[in-house]
Structures are given as C-alpha cells and as structure tokens.
Amino acid sequence: MGLLSCPGFSSKPSLKLGLKAISFTPKNCSFPYFFHTRTHFIQTLQSCNDYVFATLTHAKILKHGLLNDTFTANHLINCYVRLQKAGQAYQLFDEMPEPNVVSYTSLMSGYVNMGKSQICLWVFREMRKGTVLPNEFTFATAVNACSMLADLKTGKQIHAHVQSFGFQCNLVVCSSLVDMYGKCNEVGLARRVFESMECKNVVSWTSMITACAQNGRGDEALGLFREFNWLAWEYPNQFMLASVITACANLGKLVSGKVTHGAVIRHGHDSNDVVASALVDMYAKCGCILYSDRLFRRVPNPSVIPYTSMIVAAGKHGLGKLSLELFEEMIARRIKPNGVTFVGVLHACSHSGLVDEGLEYLNSMSRKHGIVPEAKHYICVVDMLGRTGRLDEAYQLAKSTEVNNDEGAVLWGTLLSASRLHGRVEIAAEASKRLIESNQQVALAYVTLSNAYALAGQWENAQSLRTDMKRTGVYKEPGCSWVEIKDSTYVFHAGDVSGERGSDILSLLRELEGKMKERGYIGRLTGLVFIDVEEEAKEEMVGLHSEKLALAFGLINIPKGVTIRIMKNLRMCRDCHEAFKWISEITERDIVVRDVNRFHHFDKGLCTCRDFW
DNA sequence: CTAGGGTTAG
C-alpha cells in the first residue's frame, strides 16, 4: 500500500503516534474528533465538503487501519469524487486490495462528472478484465459516459452487454440508454428502448422527449408530452418542461410555448435558470424578442446560461449592440462566459455587421477569459467576414482552421454561401470541392456552386455541374415552408405559384410590397431572380419565395386576430426583422418566422444583409 | 456506499 504517497498527510508527525493519538481534544481540533468506529468515519465522509478536512479524515482512517476496508474506502472515494479530486480518488482506488463494484462505479461516475468520460470507459474496460461484475449502477454510468461522448459504437456495445447481464428492464439503465441514443442522433433506437420499457417515470419520459426535441422532431416531442400529461401519473418537472419549451421553440409554436410557460408557472418552476433560458430562447425564436427581454430581466441572479440565451436572442434579431452590452454587463458581474457565450457574441457581431468588434472578441477569448477558440468560433468568424464581403480573409481563416468532418461541412458550407452571395466564383468552387470531398451536403454544394456560376454569367460551368448531378444521381431535396392556421398546416414548396389561389397571392404580395415601400423599405417581396437551369435550382435561388407565398396565403384566408406563423429559411437580421414588423403592423397580426433548416439558408431574397450595411 | 433527464450555437 502506498500510504505515504497520499498527498496532504505524508509528512504529518501524528502519523507516527499510533492509535493513541486518536483522543483529540476539542481545543486543538476544529472538526469532529470522536472517531471511534467505522460508522463515524462514514458519517463524516458523507457530509464532508472540504478538501483539507477530507485529507485529515483520510489520515485518520489510515491510522485506524481501516483503509483496507472496502466499504470505508468507497466512502472516501466518493468524498474525493464529490470534491472533484480525480487524482486522489484514483490513487486511493488503485491502492485498494479488494475494490468491489461500488469502488469501480464510484470512480467511473467521478470521471463522468468531471467531464472525463473517456477515462470512465477505460475504467469500465479495466473492470471487465477482472473478476468484479458490473451492476445496474455501473451500466447506467458507462452508458452515460457514451452519451457525453456521443459515442454510438461503444454505446451499442454496452447496450448488448446490458442485455446479456439481464438489465434490459431496469428503469435507470433504460433511461440512460434512451438518452444515449438521443445524444447520438438515433431517435429511432431511443424510441425502441423507450417502447420496450415496462415501467416508465418522469425521467424516462424526459429522456425520450429530449431525444426528439434535440433532433428536429419537435412534433413528436410535443405528442409525447401530451401523452405523458394524459397518463397523469406524475407532474412534469423543470427538466421535462425545459425540453418541451425547446421543442416549441424549434417549431415556432408560440401558442404551445405560451401554454407550456403557463405550466412552468403553475408548477412553480419559473425561478429555474435553465427553464428561464429555454423560455427566453423560445420567445426569441417565435419573434417575440420583447418577451425574451422581459423574462430575462426577471431572472433574479442570471447565471451564464440565461445571459447566453439572451445574447443569442438579441443577436438573432439584429440587435448586436444589445448583445454586446449584455456581455459586458455579465463580465462586470463577474460571471464567467463559456464557449457557447462566445458563439453567441460572435454570431451577434456577424448579424449586425460589427466585424471589427467581432474580431476583437475572438482575440480576447483566450487572452482575457481563458477560453481557447474552437472550430465553432472560427466558423462564426468565417461567416462574419464572408457576409461583409471580406472573402479573402474568410478563406484564409477557413483554410487554417482545424476541423473534423462535421465541422468541416459547416465551415465550408458557410464559406460557400458567402462566396456565392458576393459572386466569388473561385472561392465557391474551392469550398464546394471540399464539401463534396468530405461527402457531406453534396447536393447543396452542387446547387450552390452551379448558382454561383450562373450569377457570374458562366453558364457553361453551371450547366455542366447540372449534368454532373444528373449523371451521379445527386438530388437536392426541395425545401418547403408551412404556415399553421388554427389546426391546419399548409405546406408550400419553393417556386410553386400554381396553387388554387396563386394569382391572388401574387397580387397581394405586390400590394404589400407597395405599402412597405411607402414606409421606406427597399426590399422586394416578389420578382426574385430566377436563374433557371433545372427545377431544383430554383429552390436554392428562391428559398424565400415560399415564405412570401405562405404569408400571402395567410393574409388572404385568415380573419383578423388569428396568429399567422411563417417558418423556414430565414435568419433574422435587422432589415428583415423590420420588414416583418411592418407587415405585422399593416396586417395587425403576429408574425412568427422560423428557420427550419440547419444549414445555409442565409440571406436569401428579402433578408439580404448587404443592403443594411 | 455507486446510477438516469434540462439551456445556449453552427
């Protein structure tokens, strides 16, 4: 046993005094001194929240010769784990003569809680080499490590393991499996585990709802929530509500969002930070930035999470200055920003044309805040430079950014959109090449590049790309928009004016355009440029066309006072936000604009930021 | 003694 190697007490003379030294007097000892039995040690360890105290207790346990006792040592491991002392926990574990399943599991959960899931899995593998058998706690922890890492392969292996050990009916193990599959974007597999469960509780329902909400299946999430409420076995808690609000946000369902907000208040979760953040985000995504602001201002002591949500919300609405003010306010309050906060700040700069400020913030990240910029930050900056037309800088930065395959797709897709927007064909070609090579967003790469060629008047190139696409069978799935009116959803496909009331819609759009012009808006709702090479090409060019159709459709059919929701393909920046505000005023209706697609529908048609700058 | 769920971005 490496007793003396444990830090904090190796040189303490009292060690040599032997057992007699245990009769401390209250005078020279500020902590409970009446340690005669194992139970006392354990009670002390369970309530111990101080590292020095833990070390002292460790020393005493050692003196009593209780360190070889697995039960006592396990408590000590847990104590170190609670104090985030991975090194101490591991050392102690390593010196145990007979670690049992609890020792292993405690250590594993310690690593997961400290964000070292990889090591957790290593401990698990080590355990499997020995004779100690895992139990349901061990599996839950190992699965949890896989979800943190989004490691589907290992997750599946452990799932198989779970079955061979007969834990496939365990509530907690299954909940963590549902969560793991959700985090790995495998909603189908999550659902399968969920359906197989004989008994479910609020946690397993939350895992399933979250799996849907985080994978673009908001409707399914809301359906599950409805089902859960209908069963009425348990009340939804703050975790579940936060996920449901996220689902509403992603669907642009303002009314459902408000209803959920009501449930939050009824169940007394309105003081919860994360719930408040989800609400701030939801209102912003549903177009109600004023509600976001009001809500945010009511959070008593906002942590980094509500601040970040609000920074992002303001940025989304083109209120870059407000985002930056919030950031500075946060710093002044000594709240530490995290990586996501900077994504929000950079994103806000990007969408308000605050390029120099944005670059300054990027530089300050590691210098002032000790956060090393990652690919996601560089992607924001590439976007920011690209939007303003500083394509060469954007390209240089993109080339020097280290990315994995997924990040690469976002990075080069961002650059591709920007170069198309500014007619930089050569950079567009390079970006498309990289996208196609990485085997991601291939159709988008083809279509966008082809459009870039077409815009630059290089028709042969545009045409040959189209031919290539046909030959290789690459197909761009057409996008669509939808508008929800009461209980019905009306779906529109791009460029489709052929509907029942197509001509009505067009004439109404012209009328609206006229009214907007009167108020000084210089954009156009109709008459977008078609560069018609193939049918799918239209989609790329007229992404917003369908919004306008949806909008017009709504205006024609809906009586006053009904909420119209228009979704898709729109990134809010100052000018388009204004435009919609005007439309909203003119028509006396709430208008909610939602972006459904994850990738690259920046600045189409109405939302051209160049005009603003 | 050890276990599961929530926010923010692209």
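Below, chains carry the letters A, B, ... as their sequence lines are ordered, and counting in each starts from 1. Quantities reported herein were computed from a predicted structural model and do not represent experimental measurements.
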For the side chain of E136(A), counting heavy atoms from C-beta on, which of dA3(B), dG4(B), dT8(B) is nearest?
-> dA3(B)
Look at the side chain of N237(A) against the base of dG6(B) and say whether a donor-acceptor pair falls under 3.5 Å; ignore hydrogens and angles.
-> no
Which of these nucleotides, dA3(B), dT8(B), dC1(B), is closest to any side-chain atom of V172(A)?
-> dA3(B)
Sequence neighbours left out, what passes ring pair (Phe, Tyr, Trp, His ring centres under 6.0 Å) with F239(A)? Give chain and number order.
-> none
Within this structure, what is the CZ-to-P distance between R82(A) and dC1(B), rounded to whole angstrom?
-> 13 Å
Using whole Å, report how far CD1 of I77(A) lies from C1' of dC1(B).
-> 10 Å
Answer yes if the side chains of D273(A) and S303(A) hold a donor-acceptor pair under 3.5 Å, and no otherwise.
-> yes
In terms of side-chain heavy atoms of K376(A), which of dC1(B), dT8(B), dA9(B) is nearest?
-> dA9(B)
For T138(A), report the nucleic acid contact type (base, sugar-phosphate, nothing); a contact means any heavy atom under 4.0 Å.
-> nothing
With heavy atoms under 4.0 Å as the rule, sort K183(A) into base, sugar-phosphate or nothing.
-> sugar-phosphate
Calculate the interatomic distance between N338(A) atom CG and dT8(B) atom C1'; express it in whole Å.
-> 8 Å
Do any side-chain nitrogens or oxygens of K285(A) fall under 4.0 Å of OP1 or OP2 in dA9(B)?
-> yes
Should S109(A) be listed as having a side-chain N or O under 4.0 Å from OP1 or OP2 of dA3(B)?
-> yes
What's the closest nucleotide to the V312(A) side chain, out of dA3(B), dG6(B), dA9(B)?
-> dA9(B)
Does the ring centre of W122(A) sit less than 6.0 Å away from the ring centre of Y111(A)?
-> no
To the nearest Å, how far apart are F124(A) CZ and dA3(B) C1'?
-> 13 Å
When the distance from CE of M148(A) to C1' of dG6(B) is rounded to whole Å, what number comes out?
-> 13 Å
How many Å lie between CD1 on I371(A) and P on dT8(B), as a whole number?
-> 18 Å
Reckon N135(A) touches a base, only the sugar-phosphate, or nothing at all at heavy-atom distances under 4.0 Å?
-> base
How would you label the contact of V202(A) with the nucleic acid (heavy atoms, under 4.0 Å): base, sugar-phosphate, or nothing?
-> base
Does dG5(B) have F239(A) stacked on its base, where the ring centres are within less than 5.5 Å and the planes differ by under 30°?
-> yes
Check: S175(A) side chain, dG4(B) base, donor-acceptor under 3.5 Å = yes
How would you label the contact of L171(A) with the nucleic acid (heavy atoms, under 4.0 Å): base, sugar-phosphate, or nothing?
-> base
Any luck finding a side-chain donor-acceptor pair between T141(A) and S109(A) under 3.5 Å?
-> no
Return the value, rounded to whole Å, for the distance between atom CZ of F137(A) and atom C1' of dC1(B).
-> 9 Å
Counting heavy atoms from C-beta on, name the nucleotide in dT2(B), dG6(B), dC1(B) closest to the side chain of A242(A).
-> dG6(B)
Inspect the contact between R226(A) and E220(A) and indicate whether a charged nitrogen and a carboxylate oxygen are less than 4.0 angstrom apart.
-> no
Among dG6(B), dC1(B), dA9(B), the nucleotide that comes nearest once only the side chain of Q46(A) is considered | dC1(B)
Minimum-distance nucleotide to N144(A) side chain [options: dT2(B), dG4(B), dG6(B)] = dG4(B)
N170(A) CG to dG5(B) P, straight-line distance once rounded to whole Å = 14 Å
Reckon N78(A) touches a base, only the sugar-phosphate, or nothing at all at heavy-atom distances under 4.0 Å?
-> sugar-phosphate
Counterpart residues, ring pair (Phe, Tyr, Trp, His ring centres under 6.0 Å), relative to F165(A) (two or more places apart) = F139(A), H161(A)
